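Residue numbers start at 1 and run along the sequence shown. FYI, side chains are in, hydrogens and waters are out, and symmetry mates aren't considered; it's all heavy atoms of this structure. Because the structure is a prediction, the values reported are computed rather than measured.
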Amino acid sequence: MLTVNFKHIPIRANDYVLDLGCGEGRHAIGTAYYFPESTVIGLDLSFQDLQNAQSKSRDFFGKKTCTFIQANGFHLPFSNEAFDHIICSEVLEHIQDYQAFLIEITRILKPGGSLSISVPTRWPEKICWSLAEEYAQVEGGHVHIFNLRQLSEDIVQLRFNFIRQHKSHALHTPYWWLKCMFWNAKKENILLRSYHKLLVWDLLKRPLITRALEQILNPFLGKSHVAYFKKAHDKTV
């Protein structure tokens with residue numbers, strides 16, 4: 001399930017793409033699929049997630065197509081201006097000092113390169129926090145609720161031009177509200193279980209009716225807010 005839209009990322013043959021905070025590799029694998037002539041690296045702090053990402057990549061392609069690296073995002077093991085494109089999806093909300101994280105991103109991205117960022121949309125996220133304190137308190141949980149306008153201003157100040165934005169995954173928002181409502185239930189609620197089955201069915205089958213419904217609902221109910229930027233060639237933004 002991809003959050004960023006590759007139509008908005010100008011990846012060309014031989015470009016270097018980093019999926020930063022790749023988790024189990026959905027965007028790294030997606031990039032390798034849609035842009036097989038690019039060089040794709042997925043980086044994460046979790047060794048277990050990286051193992052799962054590598055396994056999924058092999059299962060999907062039958063061979064190695066992505067390189068997965070374990071590293072700390074505050075000290076990335078790459079030279080200055082090493083990448084043409086960076087994807088950082090659903091990561092910043094987990095990081096206390098996200099500004100320092102953005103500075104490191106800026107260091108390794110080439111002038112003219114693209115940065116694709118996604119974070120949970122503000123008002124659906126606030127409802128999750130209000131429904132279950134544990135939602136934000138679990139290990140590795142969310143420590144920020146972002147106003148995308150303010151976050152975009154933070155990124156623009158680092159020599160980026162804002163390109164566009166959109167919202168994604170509207171059908172997932174009610175699921176997370178339900179999950180928070182029944183967070184402490186000893187047995188998974190039947191409504192939550194049924195909705196999860198619906199999401200899995202939608203992911204596997206991609207029926208036209210749910211695709212159309214999500215497109216209609218995304219601007220109002222999207223769980224993720226996605227923004228695209230281009231790094232300036234000089235200090236004038």
Side-chain angles (χ1 to χ4, degrees), residues 1-4 19-27 29-30 42 44-53 55-56 70 72-73 87-98 101 117-151 165-207 209-211 213-227:
M1 181 184 68
L2 299 175
T3 301
V4 305
D19 182 6
L20 180 56
C22 66
E24 296 191 355
R26 59 196 174 107
H27 286 103
I29 294 169
D44 203 274
L45 194 59
S46 169
F47 181 69
Q48 182 61 58
D49 282 352
L50 291 169
Q51 283 187 314
N52 292 338
S55 177
K56 288 180 179 181
Q70 184 181 26
N72 189 313
I87 298 169
C88 186
S89 179
E90 309 299 297
V91 175
L92 296 182
E93 66 273 12
H94 299 274
I95 299 172
Q96 194 67 250
D97 188 6
Y98 72 91
F101 201 82
I117 294 276
S118 80
V119 294
T121 305
R122 183 175 179 82
W123 75 268
E125 181 76 350
K126 291 183 75 172
I127 291 176
C128 286
W129 283 48
S130 67
L131 289 172
E133 292 181 359
E134 296 86 351
Y135 173 80
Q137 293 175 351
V138 296
E139 183 179 357
H142 297 181
V143 296
H144 295 289
I145 299 178
F146 282 109
N147 179 318
L148 190 66
R149 178 179 296 178
Q150 181 59 58
L151 178 59
Q165 64 176 336
H166 64 79
K167 295 177 183 176
S168 298
H169 309 320
L171 294 181
H172 288 250
T173 295
Y175 170 77
W176 280 101
W177 288 344
L178 287 170
K179 190 173 180 68
C180 289
M181 286 175 64
F182 300 106
W183 193 278
N184 293 313
K186 293 182 179 180
K187 186 176 181 180
E188 189 175 51
N189 181 272
I190 187 172
L191 184 59
L192 181 62
R193 191 164 62 247
S194 299
Y195 200 100
H196 182 263
K197 288 181 179 179
L198 171 66
L199 293 179
V200 172
W201 171 78
D202 174 59
L203 179 64
L204 294 175
K205 300 299 184 179
R206 309 295 290 175
I209 186 170
T210 54
R211 294 302 87 224
L213 179 61
E214 187 158 69
Q215 287 300 312
I216 293 170
L217 293 176
N218 271 339
F220 315 101
L221 201 62
K223 181 72 170 66
S224 297
H225 211 156
V226 191

Which pair of heavy atoms, one from [X] and one from [Y], lies closest together, and at what distance?
{"X": "S168", "Y": "T3", "answer": "OG-O, 3.2 Å"}
{"X": "P120", "Y": "E125", "answer": "CB-OE1, 3.5 Å"}
{"X": "S224", "Y": "H169", "answer": "OG-CD2, 3.7 Å"}
{"X": "W129", "Y": "V143", "answer": "CH2-C, 4.1 Å"}
{"X": "H94", "Y": "G141", "answer": "ND1-O, 3.4 Å"}
{"X": "V226", "Y": "S118", "answer": "CG2-CB, 3.9 Å"}

Under the ring pair (Phe, Tyr, Trp, His ring centres under 6.0 Å) test, residues paired with [X] that sit two or more places apart:
{"X": "W183", "answer": "none"}
{"X": "Y195", "answer": "none"}
{"X": "H166", "answer": "H8, Y228"}
{"X": "F146", "answer": "Y98, H144"}

Q215: which of N218, L217, L213 passes side-chain contact (heavy atoms from CB on, under 4.5 Å):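 Result for side-chain contact (heavy atoms from CB on, under 4.5 Å) with Q215: N218.
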
Test applied, side-chain contact (heavy atoms from CB on, under 4.5 Å); reference residue, L178; option that passes from L191, L131, T173: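 With L178 as partner, side-chain contact (heavy atoms from CB on, under 4.5 Å) holds for just one option, L191.
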
Listed partners of E24 passing salt bridge (Lys or Arg N to Asp or Glu O under 4.0 Å), at least two apart: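 E24 satisfies salt bridge (Lys or Arg N to Asp or Glu O under 4.0 Å) with K56 once adjacent residues are dropped.
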
Y135 and H142 aromatic ring geometry - parallel, tilted or perpendicular at 30°/60° bounds: perpendicular

Qualifying salt bridge (Lys or Arg N to Asp or Glu O under 4.0 Å) pairs, either residue in residues 131-149, two or more places apart: none

